[in-house]
Enquirer: 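Below are the structure tokens for one structure; questions will follow.
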Amino acid sequence: MSAAEKVQRADNLTLDTIVSLCKRRGIIFPGSDIYGGLGGTFDYGPIGAELKRNIRDAWWRANVYERDDIEGLDATILMNPRTWEASGHVDTFTDPLCDSLGPSKKRYRADQLFEEEITAYEFVDVTDGEPTPIVGAKLWAPTKKKAKEFYKQYWEKHLNLEGRRVKIEEIAGSAKTAKYSPDDGGELTEPRAFNLMLTTHVGPVVESAAQVYLRPETAQGIFVNFSNVQSSMRRKVPFGIAQIGKSFRNEITPRNFIFRTREFEQMEIEFFCKPGHLCKEGEWTDEQWHEHWVESRMNWYYRYGIAKENLRLRNQAADELAHYSKACGDIEYLFPIGWQELEGIANRTDYDLKRHMEFSGKDLSYFDPEMNERYVPYVIEPSAGADRSLLAFVCDAYTVEKVRDDKRVVLKLHKDLAPVKCAVFPLLKNRPELVEMARNLARDLKKEFYTVYDDTAAIGKLYRRQDEIGTPYCITVDVDSLEDQAVTIRDRDSMEQVRIGLDKVKDYLLAELKKE
RNA sequence: GCGGGAGUAGCUCAGUGGUAGAGCUUCAGCCUUCCAAGCUGAAUGUCGCGGGUUCGAUCCCCGUCUCCCGCUCCA
């Protein structure tokens with residue numbers, strides 16, 4: 001029976017609480033902290049680095065080692081710029097943005113503003129009988145009614161015309177709305193290209209020819225290596241290639257801690273399969289593989305401890321699909337900031353391979369020995385964010401419990417993800433024999449897994465410190481240990497203790513840590 | 001980029017025109033035979049940065065940077 005009563009869960013958890021815990025306990029720091037930070041960057045501290053590595057490992061293990069149809073890959077961040085022309089990122093990753101010069105100051109995607117014939121209106125002050133045009137009070141609207149509406153909503157407030165009589169006059173001229181804000185009729189600035197890819201230069205001379213991009217997704221490194229991996233590993237379709245690595249996007253607004261950052265880590269698989277229309281009876285179509293991957297990926301999050309009610313699948317509507325995909329299932333997690341995407345599983349069809357064939361002139365089709373025929377495989381892409389996953393795992397594990405009259409903060413992380421696996425304490429630090437025994441035990445355990453030794457506080461505080469970073473086991477060497485050569489192992493979640501012979505501690509922990 | 005808010009100790013925050021404080025944390029010692037105990041002591045900040053007003057500014061003014069919230073983005 002647990003002595004603890006759970007009083008807080010993710011429902012009333014705020015992101016600030018997580019941010020504060022992360023900084024305090026060495027999990028995540030703001031990037032370039034001493035220089036005031038850099039927007040959209042965060043550094044992982046000693047504990048965070050372990051946690052992230054464990055997440056990467058868990059993903060790699062589940063997808064590369066435990067399956068027999070996936071190969072690993074580690075491609076470069078810098079790639080031949082042609083790659084990004086082929087992938088479509090040079091064109092479609094550029095958002096043309098323009099701003100309204102009207103009072104709303106809204107920003108628009110220029111390509112999303114629909115065009116329509118509109119008329120210019122002018123506001124005239126008629127209070128003193130003599131109509132006087134009001135400076136700056138011109139706007140564009142499809143009808144006089146709409147112009148009035150704009151005037152009420154925005155211009156009235158910004159022109160300070162209290163107590164004055166104003167008339168709306170149509171003036172000569174007509175134009176397309178794409179030049180004027182649909183929200184306040186204000187003029188729009190010229191669209192400026194905002195490319196979401198970050199650039200740098202290779203070679204000693206900074207000139208446009210040497211400009212390269214930092215990859216905005218890891219996927220393309222996989223596509224360009226499709227044939228290399230397939231032939232060197234003697235793979236038959238269906239098979240997949242997995243990769244973990246950094247990607248970069250010049251986000252307009254990085255926000256929400258590590259949720260949206262300019263430098264982030266992806267865990268992606270490109271799974272190559274036979275296009276549905278070529279499949280024979282009993283063979284999985286691309287759509288069936290897509291379903292398989294959605295389920296497989298959902299299960300991965302469950303396996304590592306995400307609560308069922310905090311995870312959901314959302315199928316993207318046709319109009320939100322990226323240019324390359326035929327269908328996309330988003331796995332969303334209920335963060336303190338609301339439901340947000342953790343991972344997208346897209347059916348990219350043969351778009352990427354075909355584009356690379358076109359741009360590189362190389363044949364990337366696959367020869368199917370059973371069909372005795374060549375085809376370009378379809379691709380199912382489960383694309384997860386490592387940083388987002390980490391945030392989700394931490395949020396989901398974050399628990400506040402009432403212990404006696406005190407509260408206990410504990411990260412109930414899955415054992416495989418826990419940064420520190422075991423902590424060893426002497427019950428009394430002024431007893432050199434206990435200190436020595438504890439130090440020796442810790443030293444021994446370190447050979448197997450990440451173990452820490454600590455004696456800088458009373459036992460209760462030592463436990464709580466480890467609870468906050470999710471250490472599953474704490475071992476205490478007490479006075480009796482000197483006699484019976486045994487120690488207590490305390491479980492993080494139940495806070496219960498078992499007494500184990502010193503010589504059996506390692507085996508016990510190894511067995512416990514292995515349990516699912 | 002636009003609009004709004006904010007920058008004071010590791011964290012959370014208070015405060016004053018006379019160059020700073022609390023709680024928690026951290027560290028050392030004493031004590032303590034198991035869940036943030038107690039006692040003693042200690043550390044830490046050019047009060048985001050630059051300029052101005054002033055005899056004097058953390059506080060007032062201007063500028064600037066960064067962060068947070070909304071618009072846009074989506075792993």
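A, B, ... follow the sequence lines: proteins, then strands. Residue 1 opens every chain. What you are looking at is a predicted structure, and each value in this text was computed from that prediction instead of being measured. Computation of the quantities below employed the complete heavy-atom set of this structure, encompassing side-chain atoms and omitting hydrogens, waters and symmetry-equivalent molecules.
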Enquirer: I want to verify a distance call: between B:U32, B:C34, B:A75, whose nearest atom is closest to the A:Lys429 side chain?
Expert: B:U32

Enquirer: Choosing from B:C74, B:U33, B:C34, which nucleotide comes nearest the side chain of A:Leu428?
Expert: B:U33

Enquirer: Of the options B:U33, B:C34, B:C11, whose atoms approach the side-chain atoms of A:Lys23 most closely?
Expert: B:C11

Enquirer: Using a 4.0 Å heavy-atom cut-off, does A:Gln497 contact any base of the nucleic acid, only the sugar-phosphate backbone, or nothing at all?
Expert: base

Enquirer: Who is the Watson-Crick or G-U wobble partner of B:U46, with both distances under 3.5 Å?
Expert: none

Enquirer: Taking the side chain of A:Arg464 as its heavy atoms from C-beta onward, which of B:A75, B:A36, B:U32 lies nearest to it?
Expert: B:A36

Enquirer: Taking only N and O in the side chain of A:Arg465, is any of them less than 4.0 Å away from OP1 or OP2 of B:U26?
Expert: yes

Enquirer: Measuring from atom OH of A:Tyr473 to atom CD of A:Gln497, what distance do you get when rounded to the nearest 0.5 angstrom?
Expert: 13.5 Å

Enquirer: Would you say B:C31 has OP1 or OP2 under 4.0 Å from some side-chain N or O of A:Asn430?
Expert: yes

Enquirer: Is it true that A:Asp478 and A:Thr476 share a donor-acceptor pair across their side chains at a distance under 3.5 Å?
Expert: no

Enquirer: With a non-hydrogen cut-off below 4.0 angstrom, is A:Ala458 in contact with a base, only sugar-phosphate, or nothing?
Expert: base

Enquirer: Looking only at atom C1', what distance separates B:G7 and B:C49, rounded to whole Å?
Expert: 11 Å

Enquirer: Is A:Glu436 atom CD crowded by more than 12 heavy atoms from other residues, nucleotides or ligands, each under 6.0 Å away?
Expert: no

Enquirer: Do A:Gln485 and A:Met437 make a side-chain contact, defined as non-hydrogen atoms from C-beta onward lying under 4.5 Å apart?
Expert: yes

Enquirer: Quick check, does A:Phe264 stack with B:A75? I mean ring centres under 5.5 Å and planes off by under 30°.
Expert: yes

Enquirer: What about A:Ser20: does its side chain form a donor-acceptor pair under 3.5 Å with the base of B:C11?
Expert: no

Enquirer: Quick one: does A:Arg408 reach the base of B:C35 with a side-chain donor-acceptor pair under 3.5 Å?
Expert: no

Enquirer: Under 4.0 Å: is that the gap between some side-chain N or O of A:Lys461 and OP1 or OP2 of B:C34?
Expert: no

Enquirer: What's the closest nucleotide to the A:Glu341 side chain, out of B:C35, B:A75, B:A37?
Expert: B:A75

Enquirer: For A:Ser481, report the nucleic acid contact type (base, sugar-phosphate, nothing); a contact means any heavy atom under 4.0 Å.
Expert: nothing

Enquirer: Provide the distance between the two C1' atoms, one in B:C62 and one in B:C24, to the nearest whole Å.
Expert: 38 Å

Enquirer: May I ask you to verify if any side-chain N or O of A:Arg249 is less than 4.0 angstrom from the OP1 or OP2 atom of B:A75?
Expert: yes

Enquirer: Quick check: does any side chain N or O of A:Asp387 sit under 3.5 Å from a backbone N or O of A:Phe264, one acting as donor and the other as acceptor?
Expert: no

Enquirer: When you measure from the side-chain N and O atoms of A:Thr456 to the phosphate of B:C27, is any distance below 4.0 Å, counting only OP1 and OP2?
Expert: yes

Enquirer: Which of the following nucleotides, B:C74, B:U25, B:C35, is nearest to the side chain of A:Arg25?
Expert: B:U25

Enquirer: Considering only atom C1', compute the distance from B:U25 to B:G10 and round it to an integer number of Å.
Expert: 7 Å

